[in-house]
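Working notes, beginning with the structure itself.
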Amino acid sequence: MARFIIRRLLQMVGVVAVLSVLLFAWLRSLPGGTVSAILGERATPETRAALTEAFGLDQPIYVQYLKFVQRAATGDFGVSTGVLPGTDALQIFVDRLPATIELSVAALGLAVLLAVPLGYLSARRSGSPLDSGLVILSLVGVAVPVFFLAFLLKYQFAVEWNWLPVSGRQDSLGCTRITNFFVLDGLMTREFDCSASALKHLVLPSLALATIPFAVIFRITRASVLEVLGEDYVRTAESKGLTARVVRARHVMRNALLPVVTTIGLQTGALLAGAVLTEKVFAWGGIGDALARAFEVRDYAVLQVLILAAAGIYVFINLLVDISYAIIDPRVRTR
Amino acid sequence: MSPANPFTRRKDRIDELAATAASPSGGIAEAGAVDEKPGVSLIASAWSRLKRSPVFLLGAGITLVFVVLALVSPLIAPHDPAAGLLLDQVRPQSNPVPGPQDGFPLGADSRGRDLLSRLLVGSQQTLIVGVFATITGLAGGLSLGILAGAFGGWVDALVMRVVDVMLSIPSLLLAFSIAAVAARPSQVTVIIAVAAVQVPVFARLLRGSMLAQRSSDHVVAARALGVTERAIVFRHMLPNSLAPVIVQSTLVLAVSIIDAAALSFLGLGNPNDRQPEWGQMLGRAQTYIYDYPHLAIYPALCIIVVALGFTLMGESLREALDPKSRR
Amino acid sequence: MTTTTDQAQASPPNDEGDLLLDARGVKVHFPIKRGVVFDKTIGHVYAVDGVDLQVRRGETYGLVGESGCGKSTLGKAIIGLEPPTEGTVSIDGTDVASLKGSELRRRRKDFQMVFQDPMSSLDPRQSVESLLVEGMRAHGLASDGKKTTARLRELLTAVGLPAAALKKYPHEFSGGQRQRIGIARALAVEPKLIVADEPVSALDVSVQAQVINLLEELQGEYDLTYLVIAHDLAVVRHISDRIGVMYLGGLVEEAAADDLYAQPLHPYTRALLSAVPVPDPEAEDRREQILLAGDLPSPSKPPAGCRFHTRCPWRQETRCDDERPQLRVVEIDGVASGHRVACHWAEQIESGEIQPQVVAPTATVGDLLAGEADGSDEG
Amino acid sequence: MTDTATTPRPSRHGDEPLLSVRDLSVTFRRQGEEPFTAVDGVSFDVRPGQTVGLVGESGCGKSVTSLAIMGLLPPRGNTVEGTASFEGTDLLRLPADEMRDRRGRDIAMIFQDPLSSLNPVVSVGLQVTEVLERHRGMSRKAAQPVARELLDRVGIPDPDRRLKDYPHQLSGGMRQRALIAMALACAPRLLIADEPTTALDVTIQAQILSLLKELVEDTGTALVMITHDLGVVAGLCDEVNVLYGGRIVERGTRHELFANPRHPYTNGLLASIPRLDGARGAPLTPIRGSVADNLPWDHACAFAPRCSQPVDVCTAQTPPLEESGVRALRCHNPVR
Amino acid sequence: AESERDDSGGGDSGSSDLKDTFTFGAAGAPDVFDPLYATDGETFRITRQIHQGLLGITPGTADIQPELAESWEPSEDGLSWTFSLREGVTFSDGEPFDAEAVCYNMDRMYNQEGAGQQAAEYWTYFFGSFSDDPEGSLYDSCEATDESTAVINITRNTSSFPTILSLDSFSMQSPAALEAGDANNVQAQGEGFTYPEYSTNPVGVGPYVLESYDQANQTITLTANESYYGDAPATQNIVFRVIPDESTRRQELQAGSIDGYDLPNPVDWQGLEDDGNTVEIRDAFNILYMGLNPERNEALQDLRVRQAIAHALNREQLVQTQLPEGAQVASQFIPEAVSGYNPDLEPYPYDPDRAQELLAEAGQEDLTLTFAFPTEVSRPYMPDPQRIHDAFVQDLEAVGITVEVVSKPWNGGYLDDVSANGAYDAWLLGWTGDYNAADNFLGTFFSNLNQNDFHTSVMPWGETLSQDLQAADAIVDEGEREAAYQEINAQLRDEYLPGIPISHSPPALVVSGDVEGLTPSPLTAETFDTVTVSQ
Ligand SMILES: Nc1ncnc2c1ncn2[C@@H]1O[C@H](COP(=O)(O)OP(=O)(O)OP(=O)(O)O)[C@@H](O)[C@H]1O
Ligand SMILES: Nc1ncnc2c1ncn2[C@@H]1O[C@H](COP(=O)(O)OP(=O)(O)OP(=O)(O)O)[C@@H](O)[C@H]1O
Ligand SMILES: [Mg+2]
Ligand SMILES: [Mg+2]
């Protein structure tokens with residue numbers, strides 16, 4: 001197990017390293033860039049040249065990369081030029097991460113909590129109207145563009161009915177920040193109105209973000225439960241006269257969850273992508289939002305850090321998935 | 001699995017069997033009855049099962065309508081989708097979007113162009129984006145997948161690392177990045193960006209089933225027969241690995257159309273809207289979405305329905321082609 | 001196939017010209033790889049571990065043994081599907097184990113394989129016709145369209161399928177019919193040797209008999225040599241002229257079919273034969289079984305000495321645990337000269353000098369249940 | 001203690017059938033396909049301590065019969081008719097939860113493929129103890145030593161370690177033993193074994209069969225042995241039912257049946273099998289064709305197309321099952 | 001929903017039916033709070049509430065008015081300017097605002113070093129260079145003659161001085177705080193700048209002080225400056241919420257969670273008004289033009305071709321159908337409010353026939369133009385570049401010009417292609433004035449002969465134009481200067497036509513109906529201290 005984890009960690013470093021080279025070369029081959037983003041219409045050849053030089057963008061790409069690696073080794077991943085000029089890019093990532101995690105956890109939690117039981121139900125009643133309804137719903141869920149759904153949600157729940165806030169993470173209540181997980185912070189500082197406000201703000205974005213993972217997890221769960229229900233060992237369990245609950249939990253779900261866990265891992269990656277859209281439309285100050293902004297203003301340092309980190313997170317989550325897989329599945333664990 | 005249930009055969013088989021029963025031949029080599037009808041390939045039998053599936057029919061119906069529309073829409077569209085026929089009525093404040101009127105049942109867009117015509121003709125570019133993105137993704141994925149699956153070993157390891165790197169960037173982000181690289185955003189860059197996301201997916205899928213095929217008995221059998229490696233890869237491993245790829249393709253068609261809309265929403269879509277495309281129409285309708293939501297809702301509905309059509313088709317294909325689901 | 005027992009044929013093949021297949025010292029070891037960064041080989045599965053095997057032209061050689069003892073692997077090594085780690089395999093005088101790439105491919109015409117699972121060994125997407133033509137084409141036998149069609153018909157007739165089968169697909173046939181297609185495919189390239197890996201074990205008894213008869217018929221008709229791999233001893237006995245018994249990667253006994261069954265010398269063979277149920281209640285009631293303890297040890301950690309010593313009821317304190325017995329001709333009266341066995345104590349066992357140990361008696365299930373019931377009553 | 005343990009064990013060869021199956025029919029209905037009757041009016045009795053065999057080729061309805069009795073057929077798409085009375089209760093009409101109470105306690109089942117029949121992600125120990133927990137009301141802890149004993153008694157070496165192991169860590173034989181241990185955990189009065197040795201090697205098969213035999217002899221448990229191997233039947237069963245196309249075509253005690261097979265099918269089966277005893281030269285006479293060539297029973301003899309001695313009536317009329325005592329036969333033109 | 005934690009800063013301001021917080025939806029996060037290093041509107045909108053300069057802008061106009069300087073006087077030669085400062089003003093940290101402070105600020109800006117020079121973009125742009133290169137600098141020195149009199153010496157005459165002192169970048173900041181916060185310590189690190197501590201703790205004299213920047217929640221909170229010399233702000237707090245998405249800002253306003261936002265989409269104006277909001281339309285202080293590059297496409301060196309293009313473009317229709325209400329067709333490169341505007345000039349009329357004639361005369365019937373527009377951008381003068389471009393493409397094609405359509409992302413190479421690379425024959429661009437001076441427009445476009453987007457250097461009149469513009473800028477007398485610019489504008493229209501002025505679009509600002517006291521500024525330089533929000 002330990003060997004397996006170390007191996008995967010090393011692979012992860014490899015993936016991120018390769019990616020960093022590609023990313024670096026690619027970003028710098030983009031037309032335009034940081035300098036023109038900063039200067040806008042006001043650019044003159046002199047100011048342009050001066051800034052280009054100041055940023056070291058006039059040097060050959062490999063020199064820039066080596067310098068980047070050198071600095072990165074000391075934990076310096078560059079400074080933002082556009083998203084939050086002057087701020088350490090890594091710091092931006094660290095600051096923004098809690099927002100994205102909060103949103104992703106909420107969305108994924110919502111998706112999993114709904115999808116797994118419904119998937120089970122659907123499989124158990126396969127062929128029934130309920131099953132067909134849920135399946136179609138899940139298919140529609142995938143087919144609706146996220147930003148459109150987000151607009152509809154906001155329009156109905158926030159503007160028309162005024163039940164929930166339109167965007168943002170919290171009302172400006174002057175809340176104390178500790179971890180930047182707003183819900184958690186509110187609980188820790190006993191500023192419960194802060195938590196409540198943060199929770200209210202979470203509802204719509206996480207709903208919007210949850211649709212696709214919900215649909216995917218639902219379908220996997222359904223398919224996987226259907227498959228497991230046909231397995232011999234379920235029949236064995238039934239032949240032993242076990243209660244329906246034990247059969248369901250121990251024999252059906254524990255096996256059916258294996259592919260579901262993998263899918264959840266993959267969906268976490270997809271969530272990061274979905275977050276770009278969702279965070280933008282909900283003005284959610286997370287990584288996705290920062291990424292969109294960094295693209296607009298060609299903030300290389302932030303782009304580098306955020307994309308590498310996103311990749312790292314993705315790979316890391318998949319490592320976690322593999323580990324949890326091993327925990328659930330003894331065939332992997334005891335190999 | 002055993003072959004078709006003997007008892008479910010049609011009545012005429014009974015007579016035929018009864019006939020064989022009447023004349024017992026002593027030949028020990030006789031293997032039993034084989035009917036004279038031409039053979040039904042796996043695809044054909046999957047197809048006959050599909051034909052009865054309402055889900056598939058619905059999906060295929062939607063898809064068919066969509067494809068036909070894409071082909072004939074320039075002919076049936078009431079107006080030129082690029083002509084600002086109602087431009088005169090456009091007033092940025094008082095009337096930014098001309099409403100429905102004679103000859104313009106859905107009204108026009110902000111540049112006075114007939115919305116109905118744009119929606120109709122939009123199917124064409126939408127189909128093009130979907131199909132070409134899928135084909136491009138497929139081509140990339142297939143080449144990588146075949147490489148990995150056919151050779152295995154270090155080629156496989158190398159290809160899979162490449163795929164890992166691609167997969168490690170969340171999909172939309174990858175599309176986003178690629179669209180942003182484009183010196184000149186256009187339909188082609190959108191297609192490439194959307195397709196790139198699918199390359200690792202296809203590659204993995206194909207590699208997985210190719211590797212499974214590699215050690216399967218019928219491939220070993222072909223090898224034992226002395227069939228060349230090339231033929232084994234292309235005649236045996238590849239065709240038998242394609243089913244999941246085909247299923248994935250239909251799903252990818254839907255995803256591509258939606259992704260293209262997302263790119264458009266992020267301002268990375270095809271800037272040229274003379275030839276309308278639904279995703280682009282939806283993305284650009286953001287500006288008007290509050291007061292003139294119909295500009296967004298029509299293309300959004302079109303996208304949802306078409307995506308649903310492809311997805312329904314893909315899912316029912318998956319079920320029909322998956323031996324496990326034939327229960 | 002001949003069913004007569006000809007002493008001359010059953011004797012060990014010493015005339016080299018007579019041999020179609022001559023495998024010497026074949027070993028197939030699969031590396032077990034594991035590692036943190038790079039995979040290292042941390043051990044081997046000794047699937048086949050030093051087997052000598054000779055099959056004469058026109059003969060049927062049967063290979064039996066428990067699951068996992070390396071039968072299939074040996075079969076594959078012989079026809080070059082699994083390169084042997086060590087040893088030579090010469091078929092019709094050429095060493096095929098050393099052949100590579102297209103040379104090996106061309107030689108494949110001479111040796112074919114019939115697989116166990118008739119469904120999975122047929123490409124489900126190919127019609128029977130293209131299945132059959134494929135091999136012919138690979139060896140340039142399908143250049144003439146008319147001849148090919150005629151040949152296809154001939155093949156189908158040979159395996160007892162109607163011509164209508166040509167246009168059909170594997171999934172449209174019953175198991176026995178599929179196996180016939182598999183056989184026809186092997187026949188299509190006019191091979192000299194056919195390695196049949198469990199050709200009938202996936203079939204129903206009635207169909208099994210058809211296929212066995214078919215194989216026998218074809219052998220006569222096409223001058224085939226068979227290496228039949230099976231775990232069903234009755235089947236093997238029925239079709240084979242000579243039989244080799246494998247245990248954990250090695251041959252433990254080899255003899256003409258009748259000799260082997262009449263007088264099994266290796267303890268493992270004895271146990272194996274005694275374990276086969278017979279469809280005759282009288283015989284069943286009389287049958288004395290030698291129950292082996294436990295299972296086949298893992299081929300990645302084969303026991304030292306005699307591989308069978310961990311389960312052998314006749315195991316002796318000496319030799320068995322540390323000295324690997326070689327196949328040898330024993331000097332026992334009435335045992336044919338071609339009968340070879342790899343047991344240190346074959347003679348002593350045969351003469352009754354050595355008696356099997358009593359298998360440790362286990363309490364009956366009834367005792368157990370009664371005991372529990374009592375126990376819980378008290379508690 | 002549970003009632004199972006306190007009720008006196010039924011006499012070893014009591015005359016009252018423990019299980020009495022009458023006219024059992026199972027019809028599968030799938031959308032878009034004609035209904036298919038897999039089991040068609042099957043009747044047989046099992047007495048305590050008796051071993052009854054159900055033999056036949058693949059697809060003849062052996063498993064469906066056993067699953068129907070156990071109430072384990074898929075919940076939808078089939079109709080089950082007839083009765084299966086177990087000590088007077090019709091199992092087929094029993095409410096689902098009552099059936100659950102009986103399964104594993106009164107009637108247990110062993111399946112063919114020991115690997116796929118064991119849950120790969122649950123330890124062997126738990127899979128054994130859960131039965132004890134369920135039916136004997138034991139706590140997990142109390143069940144542990146009992147489970148250990150059970151494994152020990154079915155001949156699994158080092159049971160303490162094996163309890164913690166997962167199915168994939170066991171060999172095929174051990175897995176089947178573990179399955180048997182589970183089936184035996186509550187001392188059921190009826191055990192249905194569906195091809196319990198088909199997936200195993202002969203030496204292991206011999207071990208398992210002798211274990212089963214011992215069990216029947218020692219506990220008086222009735223055994224329904226489902227197999228396609230006539231050899232297994234010959235050695236184990238008191239009474240043998242031969243199934244073809246979902247119907248019983250012949251029945252007899254094993255001595256009778258093997259000595260004097262009357263149905264061409266039974267006869268053909270016996271003639272198809274290469275035998276270890278007897279002379280090697282004896283040629284095999286297989287049955288023609290395959291199960292795929294069956295005729296529907298409702299206006300013909302299903303076996304007619306494959307029969308070695310068909311007469312005209314075979315394809316025109318359904319042969320009835322003629323019973324006399326244990327012996328029964330369904331044939332228009334029996335052998336001899 | 002206001003929390004009890006909010007009343008820390010004396011929430012008793014105003015009567016009870018007024019809210020104590022004005023919440024404004026910002027499109028982006030601010031960069032730095034030290035305006036010297038700031039470059040973008042989102043940042044200036046905030047620093048403007050915190051900082052003031054010597055000169056201010058009269059609300060609702062583009063004209064300067066006294067702010068921290070009560071009056072100013074140039075010397076004879078126009079190179080020495082004496083500023084009389086408002087008395088009794090203190091910075092929000094209690095430090096006095098006096099002539100010393102003025103000179104400290106001016107010198108601080110002038111003495112920027114290293115990366116600070118690059119970061120102080122506005123200084124570079126308006127003052128030329130820094131103390132290490134005195135030749136190029138407009139600024140020379142500053143003397144504090146007494147506590148309330150500061151004299152600023154400059155190196156040459158320009159119409160821009162002292163107007164540029166009204167720019168936010170040149171606001172007055174507390175010397176003590178600047179010192180303490182190591183304000184000049186800008187470093188180039190990697191490929192960006194790092195800013196000193198001061199940049200997040202600005203100290204100015206404005207009506208508000210920075211209370212907090214909650215980066216996690218993307219809100220900036222300002223609260224009233226207790227020591228503000230003027231009237232206390234009408235609303236105690238201003239909260240800026242960063243909401244990048246336009247339609248979300250609209251929804252937020254609709255839901256009542258913000259009280260206003262900038263640059264509402266013109267198509268929303270009507271709807272916003274209908275929903276009871278106030279759309280404050282600013283006077284247009286910008287210009288949109290089609291630039292032409294005669295160097296890349298030699299056909300454009302012929303005036304007739306350029307005129308043909310001007311006649312071909314249906315600017316009337318464009319303005320009517322695509323630009324916000326109040327937009328005007330431009331006749332020249334400066335908006336009406338700027339002194340030097342020539343009221344006699346008419347735009348080239350839409351006349352496709354004439355255009356075709358002119359093309360024929362020039363022998364350019366087969367003219368092909370590479371005509372570019374930017375994507376991923378929206379500017380006040382150009383809310384939707386593509387729509388404008390598209391309309392023009394049709395116009396151009398109507399007169400037989402073949403158009404090669406090119407687009408690039410604004411930051412993704414468009415600007416580079418326009419100015420550095422000269423990659424297009426024709427393109428869309430524009431300018432929003434920083435302050436009221438013709439030089440801010442015309443000088444920007446054409447003064448630098450060798451490096452301007454219009455490549456006037458290849459034209460015979462290019463040099464003349466450049467010299468005329470520099471001369472006009474140096475005229476001290478306002479009247480004379482105005483006349484000179486009017487003349488240049490006429491020449492630009494009739495003789496030069498280096499590009500085609502298209503339109504002036506009024507940008508708007510929207511606030512909810514509850515908001516009062518906001519005066520829209522043509523320079524988009526609104527101050528919020530007079531704003532009230534009723535409950
Ligand atoms: N490609 C392989 N890599 C690693 N181990 C292998 C491979 N193929 C076979 N083995 C191992 O080699 C041993 C012998 O396998 P083989 O298939 O030859 O047995 P067999 O006698 O044919 O058994 P069966 O009766 O089950 O077919 C087994 O333990 C098997 O797990
Ligand atoms: N769930 C089901 N739905 C439809 N048909 C079924 C189902 N289960 C079994 N059958 C059919 O019923 C028939 C009898 O099946 P059954 O499993 O009882 O055969 P069997 O005698 O046990 O054969 P085997 O020896 O292969 O196990 C077969 O033709 C099978 O295809
Ligand atoms: Mg094998
Ligand atoms: Mg069965």
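Within every chain, numbering begins at 1; the chains are lettered A, B, ... in the order of the sequence lines, protein sequences first and strands thereafter.
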Closest heavy-atom pair and its distance - Q210(C), G289(D):
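Looking at all heavy atoms of both residues, the shortest contact is NE2-O, 2.9 Å.
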Grab the two heavy atoms, one from S290(D) and one from V207(C), that are nearest each other, plus how far apart they are.
CB-CG2, 4.2 Å
Could you tell me which residues satisfy side chain to side chain donor-acceptor pair (under 3.5 Å) with Q205(D), sequence neighbours excluded, listed by chain and number?
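With neighbours one apart ignored, the set is T197(D).
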Atom group of [X] that falls short of 4.5 Å from chain C, counting heavy atoms:
{"X": "V233(D)", "value": "neither"}
{"X": "L269(D)", "value": "side chain"}
{"X": "S210(D)", "value": "side chain"}
{"X": "L270(D)", "value": "side chain"}

If I measure from the heavy atoms of chain D, does R287(C) come under 4.5 Å with its side chain, its backbone, both, or neither?
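No part of it gets close to chain D.
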At a 4.5 Å cut-off on heavy atoms, which part of L203(C) comes close to chain D: side chain, backbone, both, or neither?
neither
Once rounded to the nearest 0.5 Å, what's the spacing between atom CG of D232(C) and atom CD1 of I273(D)?
9.5 Å
Nearest 0.5 angstrom please: L209(D) CG to Q289(C) CD, how far?
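Taking CG in L209(D) and CD in Q289(C), the distance rounds to 7.5 Å.
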Using the rule side chain to side chain donor-acceptor pair (under 3.5 Å), only one of R306(D), H228(D), R288(D) pairs with S206(C); which is it?
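Single side chain to side chain donor-acceptor pair (under 3.5 Å) partner of S206(C) among R306(D), H228(D), R288(D): R306(D).
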Spell out the residues in residues 249-256 of chain D that have some non-hydrogen atom less than 4.5 Å away from a non-hydrogen atom of chain C, in order of number; otherwise answer 'none'.
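Interface residues of residues 249-256 of chain D: R254(D), H255(D).
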If the contact rule is any heavy atom under 4.5 Å from chain C, which residues of residues 52-63 of chain D qualify, in numerical order?
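Heavy-atom contacts from residues 52-63 of chain D to chain C are E57(D), S58(D).
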Could you tell me which of [options] has the largest number of non-hydrogen atom pairs under 4.5 Å with chain D?
{"options": "I212(C), D285(C), I290(C)", "answer": "D285(C)"}
{"options": "E282(C), Q208(C), H231(C)", "answer": "E282(C)"}
{"options": "P277(C), A275(C), P279(C)", "answer": "P279(C)"}
{"options": "P281(C), A271(C), A257(C), A209(C)", "answer": "P281(C)"}

For chain C, the option from D201(D), T203(D), D229(D) that forms the most heavy-atom pairs under 4.5 Å:
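Of D201(D), T203(D), D229(D), D201(D) has the most heavy-atom pairs under 4.5 Å with chain C.
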Counting heavy-atom pairs under 4.5 Å to chain C, which of L230(D), L276(D), L257(D) comes out on top?
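Looking at each option in turn, the highest pair count goes to L276(D).
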Output yes when a side-chain donor or acceptor of Q207(D) lies under 3.5 Å from a complementary backbone atom of L291(C), and no otherwise.
no
Exam field: side chain R275(D) to backbone H238(C), donor-acceptor pair closer than 3.5 Å
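Pair absent, no side-chain N/O of R275(D) close to backbone of H238(C).
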Contacts of C306(C) that satisfy side chain to side chain contact (heavy atoms under 4.5 Å, CB included) - sequence neighbours left out
F308(C), H309(C), P325(C)
